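Submitted below is the structure of interest, expressed as structure tokens.
Small disclaimer: the values here were computed from a predicted structure and weren't measured.
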Number of protein chains: 2
Amino acid sequence: MRSVAKGAAGRTARQLGVCPEYAEPAPLAAPRAVTVPGTAPRAVEPVLTAPRAARAVSPAKRTRDAAGVAPGALPLDQILLGDSIQMMAGLPAGSVDLVFADPPYNLQLGGELKRPDESLVDAVDDDWDRFDSFATYDAFTRAWLLAARRALKPNGTLFVIGSYHNIFRVGAMMQDLGFWILNDIVWRKANPMPNFRGRRFTNAHETLIWAARSADAKYTFNYEALKAGNEDVQVRSDWLFPLCTGQERLKDGAGKKLHPTQKPEALLARVLLSATKPGDVVLDPFFGSGTTGAVARRLRRSFIGIEREEAYAQAARARIDAVEPLPEDALIAPPSAREAPRVAFSVLVERGLVTPGAELTDAKGRFRAVVRADGTLSLAGGQNVGSIHRVGALAQGAEACNGWTFWHVEEQGRRHPIDVLRARLRAEMGIAAE
Amino acid sequence: MRSVAKGAAGRTARQLGVCPEYAEPAPLAAPRAVTVPGTAPRAVEPVLTAPRAARAVSPAKRTRDAAGVAPGALPLDQILLGDSIQMMAGLPAGSVDLVFADPPYNLQLGGELKRPDESLVDAVDDDWDRFDSFATYDAFTRAWLLAARRALKPNGTLFVIGSYHNIFRVGAMMQDLGFWILNDIVWRKANPMPNFRGRRFTNAHETLIWAARSADAKYTFNYEALKAGNEDVQVRSDWLFPLCTGQERLKDGAGKKLHPTQKPEALLARVLLSATKPGDVVLDPFFGSGTTGAVARRLRRSFIGIEREEAYAQAARARIDAVEPLPEDALIAPPSAREAPRVAFSVLVERGLVTPGAELTDAKGRFRAVVRADGTLSLAGGQNVGSIHRVGALAQGAEACNGWTFWHVEEQGRRHPIDVLRARLRAEMGIAAE
DNA sequence: GCTCGACTTGAATCCTGTG
DNA sequence: CCACAGGATTCAAGTCGAG
């Protein structure tokens with residue numbers, strides 16, 4: 001097991017402030033510092049931890065290539081020890097593909113965990129306390145969301161998980177900051193803790209919000225792979241997973257659970273398989289026990305973790321180092337029709353897979369069209385000439401039509417969609433999927 | 001069928017403004033008028049609609065006892081035609097036990113959406129769901145929440161349903177206004193609309209927030225009854241129900257759906273059975289097609305509905321008048337009961353495979369019990385109420401009993417174990433319930 | 001009266017590259 | 001910036017008519 005590379009980072013060299021190569025301006029960050037109890041500056045030392053000796057890069061050496069946004073500047077597969085907001089501000093802007101955030105829903109006031117449920121204080125003070133708490137929590141939320149937004153690539157997406165104590169505030173703030181919600185997702189706990197007092201419904205789920213950086217972002221969503229792994233039906237917004245228990249749950253020396261809210265790896269796996277590609281960079285600003293890192297490594301994604309508590313970071317480091325990445329061929333995406341290179345129908349004609357003058361029909365043989373040498377079709381019994389799609393639409397009187405699946409060709413007495421010919425050509429050309 | 005009592009209310013007598021007895025100051029209401037597109041003042045006439053002639057109370061007569069908070073001042077089992085916020089401000093403060101609110105979701109839809117077969121999706125494009133900005137929506141939300149808060153009894157609770165488009169804003173605003181969230185609840189849709197373009201997860205759920213007026217409220221939660229109707233297991237925060245379709249869905253004259261977002265009665269039944277007692281007053285400020293009213297009447301709760309669209313109010317009135325309240329003895333709150341085996345009899349009731357009030361017998365017809373709306377049984381000739389298993393055991397004087405095989409229902413002169421109904425439901429649902 | 005299959009429909013923030 | 005065109009994309013319930 002490897003320890004967090006604290007000493008190597010040169011602890012005494014810079015006492016406060018941000019590590020030099022992280023000191024670049026953060027244009028989209030909060031305009032003024034937001035002071036949050038519990039996240040207020042301790043002596044923040046951005047200590048880079050290395051997954052293995054060969055990858056260990058000391059901060060001093062890395063200052064050399066800190067100017068640009070080059071991927072090399074990223075502390076990949078490392079755990080940054082320090083405050084989430086400050087550490088994110090030190091990352092190059094627009095550099096990560098996905099942020100997964102499991103923020104605290106408790107307001108860490110004075111280092112003491114204070115649950116909303118326990119804040120049953122004097123009714124007279126209640127209103128003020130509530131206002132103060134919510135305002136503080138909102139400021140904290142705004143600050144880390146802005147820092148995450150800055151770190152994200154334009155087409156990157158963000159997952160946040162929370163419960164009813166905080167998720168509404170987080171979701172509203174996300175909308176206010178311009179994030180574009182793609183889904184809210186429900187993690188249904190197969191084995192939730194019962195409600196002991198019998199005063200409420202069993203709190204049996206948590207909520208994830210998945211959002212793009214903006215409404216027009218071209219985000220990653222591995223739709224076809226997810227569907228294929230789900231009995232060929234779309235994956236829904238409600239996911240069923242057990243809690244993290246048993247062997248998977250990290251324990252401390254005394255056999256007690258190391259972290260109070262360790263998430264199950266299955267949940268993170270679904271997240272990463274949904275919204276990232278192998279090699280993508282995943283940032284987790286509230287790294288905790290490092291589930292995100294462990295799953296990222298297993299699925300051959302890169303990660304950047306940020307964690308304030310050294311004990312958690314140490315345990316996460318050891319945990320991740322023990323993970324064996326899956327074989328690469330276990331992670332190859334199944335061919336996606338959407339991402340396949342385009343092949344024009346004219347190419348099929350040029351390459352001889354369809355002969356000019358050949359007759360195409362629809363599946364039932366009701367409509368007929370003739371293939372022309374330039375790759376257009378002419379509808380039988382009319383003057384209409386155009387693309388396979390246009391002519392298919394015209395034939396049916398429809399507004400649109402996918403000519404590849406509409407038009408069929410007859411081979412050896414059997415009728416195939418011309419999409420079959422296209423697939424054949426793609427195979428010949430060895431262009432499986434770019 | 002009875003029509004909305006528009007004429008009786010004296011339409012021409014007051015052209016604009018608020019009905020006199022509703023003009024009392026609303027101390028907690030929004031300090032200034034909130035102008036919302038689509039909810040902007042039309043000629044608002046608070047027309048009281050009466051469920052039956054004997055109950056019809058004209059506004060003019062009711063001014064006499066409008067000063068206090070006496071229950072008699074409430075327009076019980078009526079539909080108020082007008083703006084939600086204004087109408088709520090006219091109700092006596094601290095007068096209702098439960099608010100169920102299904103506010104506009106602010107969907108922000110863009111262009112039209114087509115299914116893969118080129119058919120057009122019938123989107124929610126109504127005026128009432130259009131807001132200029134989040135700020136406008138927030139102001140609207142704040143105003144109606146404050147009005148609802150004012151109308152609630154100190155120990156009353158509030159349910160709000162929404163989607164990711166609006167629920168985070170609503171939830172945060174609720175917290176800001178002092179509501180105390182008890183649960184967030186997920187309505188898992190058994191048959192959601194798919195994501196046709198394969199760009200997101202199937203949006204397969206909606207969220208309800210259940211909140212008390214304050215953290216120290218002594219709210220109603222029928223824990224024992226819910227548990228007894230749920231195989232003696234606590235009801236979780238994720239509920240599975242189908243969409244409102246088929247016969248239950250109200251149609252207009254042309255056979256098209258009357259209301260774009262009619263909620264299933266099963267969902268409302270669970271809400272009312274969870275958080276109200278028979279005779280309680282339920283306020284629904286966005287009444288729509290009147291599902292809340294129909295279920296309230298069936299379960300012998302009183303309702304107050306507020307609806308701006310006269311066509312909806314008319315249809316709701318007729319719908320509710322056609323509802324036959326359940327026998328009172330099917331609704332008495334059961335004594336505390338605990339312990340017994342598995343699976344959910346209440347689902348059979350909610351889904352209509354067993355009718356509340358129906359009589360169950362054992363195989364030989366020696367013992368009889370009556371089905372209650374919450375999925376519990378009451379033993380004939382006794383005070384014993386509990387789960388199918390518990391009551392079956394009590395009937396025989398046995399320690400335990402499998403209610404599924406013990407209790408029988410008569411269909412077409414033949415007696416089946418209720419397990420047959422469960423099997424039928426499972427077949428219908430494809431065991432999608434997990 | 002039954003089964004089978006075709007058809008309809010539901011609170012939806014639902015495409016992308018080229019010119 | 002817009003316009004245009006290629007072409008990729010759906011699940012569970014319900015109704016209804018045919019046989």
Sugar-phosphate only, base, or nothing, as touched by B:Thr261 at under 4.0 Å among non-hydrogen atoms: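 Base contact - B:Thr261 has a heavy atom under 4.0 Å of at least one base atom.
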Touch class at under 4.0 angstrom, heavy-atom based, for B:Arg249 against every strand present: sugar-phosphate
Sugar-phosphate, base or nothing in reach of A:Glu224, heavy atoms under 4.0 Å: sugar-phosphate
Backbone of B:Leu250 reached by a side-chain donor or acceptor of B:Gln262 within 3.5 Å: yes
Residue whose closest nucleotide on DNA chain D lies nearer the 5' end, B:Gln247 versus A:Arg338: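 It is A:Arg338 whose nearest nucleotide is closer to the 5' end.
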Stems formed with participation of DNA chain C [Watson-Crick or G-U wobble, under 3.5 Å, three or more pairs]: C:2-10 with D:11-19, C:15-19 with D:2-6
Nearest-Å distance once atom P is located in both C:dT16 and D:dT10: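 To the nearest whole Å, 15 Å.
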Cationic tip of A:Arg213 above A:Trp180 ring, under 6.0 Å, 45° of axis: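 Pair A:Arg213/A:Trp180 does not count as cation-pi.
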A:Lys227 side chain near D:dC11 phosphate (N/O to OP1/OP2, under 4.0 Å):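 Yes, A:Lys227 has a side-chain N/O under 4.0 Å of OP1/OP2 on D:dC11.
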Touch class at under 4.0 angstrom, heavy-atom based, for B:Pro242 against every strand present: nothing
Euclidean distance for P, C:dC14 against D:dA12 (whole angstrom): 22 Å
Sugar-phosphate only, base, or nothing, as touched by B:Asn203 at under 4.0 Å among non-hydrogen atoms: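 The residue B:Asn203 makes sugar-phosphate contact but no base contact.
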Touch class at under 4.0 angstrom, heavy-atom based, for A:Ile181 against every strand present: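 Base, at least one base heavy atom under 4.0 Å.
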Base D:dT9 paired with B:Arg199 side chain (donor-acceptor, <3.5 Å): no
Nucleic acid contacts - residues 107-116 of chain B versus DNA chain D, non-hydrogen atoms under 4.0 Å: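 Result for residues 107-116 of chain B: B:Pro116, sorted by number.
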Touch class at under 4.0 angstrom, heavy-atom based, for B:Pro264 against every strand present: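 Counting heavy atoms under 4.0 Å across all strands, no contact is made by B:Pro264.
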Among D:dA13, D:dA8, C:dA11, the one nearest B:Ala190 by side-chain distance: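 Nearest nucleotide to the side chain: D:dA13.
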Proximity to the side chain of B:Thr245 - top-ranked nucleotide from C:dA11, C:dC14, D:dG14: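 Given the options C:dA11, C:dC14, D:dG14, the side chain of B:Thr245 is closest to D:dG14.
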Under 3.5 Å donor-acceptor, A:Trp407 side chain and A:Ile388 backbone: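 Present.
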Sugar-phosphate, base or nothing in reach of A:Arg236, heavy atoms under 4.0 Å: nothing
Sugar-phosphate only, base, or nothing, as touched by A:Ala337 at under 4.0 Å among non-hydrogen atoms: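 Sugar-phosphate, backbone atoms only, no base.
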5′-ward residue of the pair A:Ser387/B:Pro194 relative to DNA chain D: A:Ser387
First of B:Phe196 and B:Ser119 reached from the 5' end of DNA chain C, by closest nucleotide: B:Ser119
Whether B:Asn195 side chain and B:Gly198 backbone form a donor-acceptor pair below 3.5 Å: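 Flag set: sc B:Asn195 to bb B:Gly198 pair under 3.5 Å.
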D:dA18 to C:dG1 separation - C1' atoms, rounded to the nearest Å: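 Going atom to atom, C1' in each nucleotide, I get 14 Å.
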Side-chain N or O of A:Tyr223 closer than 4.0 Å to phosphate OP1/OP2 of D:dT10: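 Yes, such a contact exists.
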Charged tip of B:Arg188 within 45° of B:Trp239 ring normal and under 6.0 Å: no
Atom pair CZ/CG of B:Arg200 and A:Asn183 - distance to nearest 0.5 Å: 6.5 Å
Short side-chain donor-acceptor distance under 3.5 Å, A:Trp210 and A:Thr157: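 Result is yes, a qualifying pair exists.
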Spacing of B:Thr207 atom OG1 and B:Ile185 atom CD1 [to the nearest 0.5 Å]: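 Rounded to the nearest 0.5 Å, the OG1-CD1 separation comes out at 10.0 Å.
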Any donor-acceptor N/O pair, A:Asp97 side chain to A:Gly156 backbone, under 3.5 Å: no
B:Lys257 (side chain) and C:dA11 (base): donor-acceptor pair under 3.5 Å: no
Residues, nucleotides or ligands: over 12 heavy atoms within 6.0 Å of A:Arg338 CZ: yes
